[in-house]
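Beneath this line is the structure, given in C-alpha cells, with notes to follow.
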Amino acid sequence: TAAAKHARKRQENQALSVDLSPYRLKTLYSSSVEAGPDHGQVWRGLSRELYFAGPKGGLRAGDSVILRADLQGRKITRLREGRGMPAISPDGTALLSVGFMPSEHYLEMADGYDGTHAPRRFIPSRESRYFPAWNAVQTRVLFLGTDGRLMIMHSNGTNKHVFNPKDLDSKVWLSDKRAAFTLQWRDSGDRYRVWCSKPDGTDEKLIYEAEASSISPPQWSADSKRVAFIIGKHTESSIRTLNADGSWPRNFFTTPDSLSLLRWSPDGLRLAWICERHNQGVQELWTAEVQGLNPERIMSSRGRLSSLSWSPQSKHLALQETLDWRFLGLRLVKPDLNNVVMVDLVERLPRYMTRYGLMSRQPAYAPQGDAIGYFTDQRPWYPGLLRTRSSALVISQLF
C-alpha cells in the first residue's frame with residue numbers, strides 16, 4: 001500500500017541520517033539483518049559499497065530483499081525483492097543473488113492417448129487450437145473464457161466455472177478436431193534460482209535453477225569465472241559448480257549426509273567443505289580439485305566444525321572445533337569447548353593451536369599466511385560479579 005511504502009521510505013531515510021565519521025558505530029539499516037560471512041554481506045569498490053540482505057534475509061521469507069549501501073553518497077538502494085545471499089565477484093563486475101519459489105501446482109499437457117508425447121506445462125493461450133475439448137464420455141467441455149482463463153462446463157452448457165483440479169475426471173480429452181491429448185496436475189516442489197547481474201542490478205540473467213530443500217550461499221572462484229554452492233534435498237546433498245554465465249555445470253560429491261561451509265581456495269584450484277555424518281556422529285573436513293576430482297577426507301571430529309578459512313597460499317586450512325564434555329549422556333562442562341585447529345594439506349595432520357584452557361573461536365589467516373588470529377573468552381566459567389565475559393584477540397605466529 002501507499003502508506004506502507006511511505007513508512008518504509010521514512011525508515012530508510014532515518015537509517016541514512018546516522019553519523020558516518022570514522023571510529024564511530026555506523027547504523028546502515030534499521031531492520032534486522034542476519035550476521036556472519038555465510039549470509040553474504042560483501043564489500044565492493046574499496047569499501048565504498050556494501051551489499052547485504054534484509055530485512056530478515058531469509059530466502060523463504062516473502063519480504064527478503066537485496067540492498068546496496070553507498071557509503072559515499074549515503075544512500076541505500078533496494079536492488080531485488082525476494083532475493084538473498086548476495087555475492088560480489090572478486091573482480092567486482094558481477095553480483096550473484098538467490099531467489100526462492102515455493103511449491104506450485106500446475107497443469108501439464110501431453111499429445112496422444114498415452115500421454116507420452118512431448119509433455120509440457122499447459123498454457124491455455126499457447127494451446128488455443130485444442131479448444132473446445134470434451135472428456136472421453138463427452139459429459140464435460142473445456143473452453144477458453146473471454147479473459148483467457150481455462151473454463152469448464154457440462155455438455156449442455158450449464159455449471160460454467162474456472163477449471164480446477166477437482167474437475168479433472170478424465171485423463172484423455174478430445175478436441176473439436178478429434179485430436180487426443182492428456183491433462184494432469186503436477187507439483188513442482190520448492191525451487192531455488194541463482195541470478196547473475198551487474199552490481200547495479202542490471203543485465204540480470206538466470207544461470208541456475210533446481211528443485212531443492214536448501215541452497216548454500218554462492219561462492220565465487222578467485223578468477224571470477226566459476227561459482228560453487230551446495231544443493232540440499234530431502235534424501236541427499238551435493239556440490240555444484242558452473243561458469244559465471246551458467247554453462248558447464250558440474251555435480252560432484254553427492255551424499256545422504258549434510259554438507260556445509262563450502263570454500264574456494266585462494267588460488268582457485270581446490271574446494272573445501274564440511275560433511276556431517278549423521279549415523280556416525282562425526283563431522284569431516286574434505287577437499288577436492290576444482291573439477292571435483294580426487295576428493296579427500298582431511299580430518300574427522302566428534303565435535304562441530306565451523307569458521308573454515310584457507311591460508312593465502314592454499315596449503316593450509318584453519319577451522320574452529322567445538323566440543324562438549326559428557327559422561328553418561330550428561331554435559332560436564334558448560335559452555336562448550338572451542339579450539340582452533342590448523343590442517344596441513346600435505347601432511348594431513350591437524351595441529352591444535354589452542355587447548356581446553358582457552359575458549360577459542362573464529363580463526364582467520366593473516367594476509368601473508370604467517371599468522372592466525374582468533375578470539376578467546378578468558379573467563380567463560382567465572383564472568384565476575386557483573387556477569388560479563390572477557391574476550392581477547394590472539395595472534396599466533398606460524399613461521
Side-chain angles (χ1 to χ4, degrees), residues 1-2 4-5 56 58-65 80-84 97-195 204-215 231-238 240 246 249:
T1 64
K5 291 181 179 180
K56 294 184 178 179
L59 281 179
R60 294 174 180 265
D63 55 356
S64 61
V65 61
R80 286 290 181 272
E81 304 286 342
R83 304 281 179 83
S97 60
V98 181
F100 171 75
M101 296 186 65
S103 175
E104 62 175 337
H105 212 46
Y106 64 92
L107 189 62
E108 187 179 74
M109 175 181 182
D111 299 310
Y113 283 98
D114 54 5
T116 59
H117 302 295
R120 59 193 180 276
R121 183 169 295 205
F122 186 81
I123 302 176
S125 61
R126 296 181 183 177
E127 311 291 354
S128 59
R129 65 186 182 277
Y130 284 91
F131 300 118
W134 288 260
N135 59 1
V137 294
Q138 298 189 7
T139 59
R140 297 288 186 94
V141 179
L142 283 177
F143 63 99
L144 286 177
T146 56
D147 57 357
R149 289 190 298 177
L150 187 60
M151 307 291 291
I152 190 171
M153 65 180 178
H154 293 306
S155 296
N156 60 6
T158 62
N159 195 23
K160 297 179 183 179
H161 60 273
V162 177
F163 185 65
N164 62 65
K166 296 180 180 180
D167 296 317
L168 196 59
D169 60 351
S170 174
K171 181 179 180 181
V172 179
W173 296 76
L174 302 174
S175 74
D176 57 347
K177 297 179 181 179
R178 308 302 296 175
F181 61 93
T182 61
L183 293 175
Q184 63 178 332
W185 292 96
R186 291 280 190 182
D187 193 339
S188 67
D190 292 341
R191 287 180 291 161
Y192 287 93
R193 290 178 170 178
V194 182
W195 302 81
E204 191 172 59
K205 178 185 177 182
L206 178 65
I207 64 171
Y208 185 79
E209 181 177 7
E211 292 188 13
S213 57
S214 64
I215 189 172
I231 288 291
K233 299 185 177 181
H234 296 293
T235 57
E236 64 182 26
S237 300
S238 61
R240 308 278 174 94

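Since this is a predicted model, take the numbers as computed values, not measurements.
Between the CG atom in Asp190 and the OG atom in Ser213 there is a gap of 8.0 Å [rounded to 0.5 Å]. Taken to the nearest 0.5 Å, the CE atom of Met101 stands 13.5 Å off from the CZ atom of Arg60. Atom NZ in Lys205 sits 8.0 Å away from atom CD1 in Ile207 (nearest 0.5 Å). Note that the CZ atom of Arg129 and the OG atom of Ser175 stand 9.5 Å from one another [nearest 0.5 Å]. Atom CE of Met153 and atom CZ of Phe143 lie 5.0 Å apart (nearest 0.5 Å). Separating the CD1 atom in Ile231 from the OG atom in Ser214 is a distance of 7.5 Å, to the nearest 0.5 Å.
Side chains of Glu108 and Leu183 form no contact here, defined as non-hydrogen atoms less than 4.5 Å apart. Residues Ser238 and Lys233 have side chains not in contact (no heavy-atom distance under 4.5 Å, counting atoms from C-beta outward). Using a 4.5 Å heavy-atom threshold, the side chains of Arg193 and Val98 count as separate. In this structure the side chain of Trp134 never reaches within 4.5 angstrom of the side chain of Val172, judged on heavy atoms. Between Leu174 and Asn135 the shortest side-chain heavy-atom distance does not fall below 4.5 Å. Within the 4.5 Å cutoff, side-chain heavy atoms of Trp195 are placed close to those of Arg83.
Listed here is the closest heavy atom pair of Val162 and Asp167: O-OD2, 3.8 Å. In terms of heavy atoms, Gly84 sits closest to Leu59 at N-CD2, 3.4 Å. Looking at every heavy atom in both residues, Ser237 comes nearest to Gly232 through OG-CA, 4.0 Å.
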(Q) Let's go through Leu107 and Leu150 carefully: what are the C-alpha distance in whole Å and the side-chain angles of both, what is the deciding distance for side-chain contact (heavy atoms from CB on, under 4.5 Å) to 0.1 Å, and is it a yes or a no? (A) CA-CA 11 Å; Leu107 189 62; Leu150 187 60; 3.9 Å; yes
Q. For Arg140 and Ser170, what are the C-alpha separation, side-chain angles and deciding distance, and is it a side-chain contact (heavy atoms from CB on, under 4.5 Å)?
A. CA-CA 9 Å; Arg140 297 288 186 94; Ser170 174; over 6 Å; no
(Q) Checking Glu81 against Val65 for the side-chain contact (heavy atoms from CB on, under 4.5 Å) test, could you report, in this order, the C-alpha distance in whole Å, the side-chain angles of both residues, the deciding distance, and whether it holds? (A) CA-CA 4 Å; Glu81 304 286 342; Val65 61; 3.8 Å; yes
Q) Are Met109 and Arg120 close enough, and set up right, to give a side-chain contact (heavy atoms from CB on, under 4.5 Å), and what steps lead you there? A) CA-CA 5 Å; Met109 175 181 182; Arg120 59 193 180 276; 3.8 Å; yes
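Atom NE2 of His105 sits in a crowded spot, with more than 12 heavy atoms from other residues, nucleotides or ligands closer than 6.0 Å.
Of the possible donor and acceptor atoms, one in the side chain of Ser188 sits under 3.5 Å from a partner among the backbone N and O of Glu104.
Take Asp147 and apply the salt bridge (Lys or Arg N to Asp or Glu O under 4.0 Å) test, not counting sequence neighbours, and it matches Arg149. Scanning for salt bridge (Lys or Arg N to Asp or Glu O under 4.0 Å) contacts around Arg126 gives an empty result, with sequence neighbours left out.
A cation-pi arrangement is found for Arg121 relative to Tyr106, the charged atom lying closer than 6.0 Å to the ring centre and inside a 45° cone about the ring normal.
Between Phe163 and Trp173, the ring-plane angle classifies as perpendicular under the 30° and 60° cut-offs. Aromatic ring pairs are classed by plane angle as parallel below 30°, tilted from 30° to 60° and perpendicular above 60°; the pair Phe122 and Phe131 is perpendicular.
A side-chain donor from one of Asp187 and Ser103 sits under 3.5 Å from a side-chain acceptor of the other.
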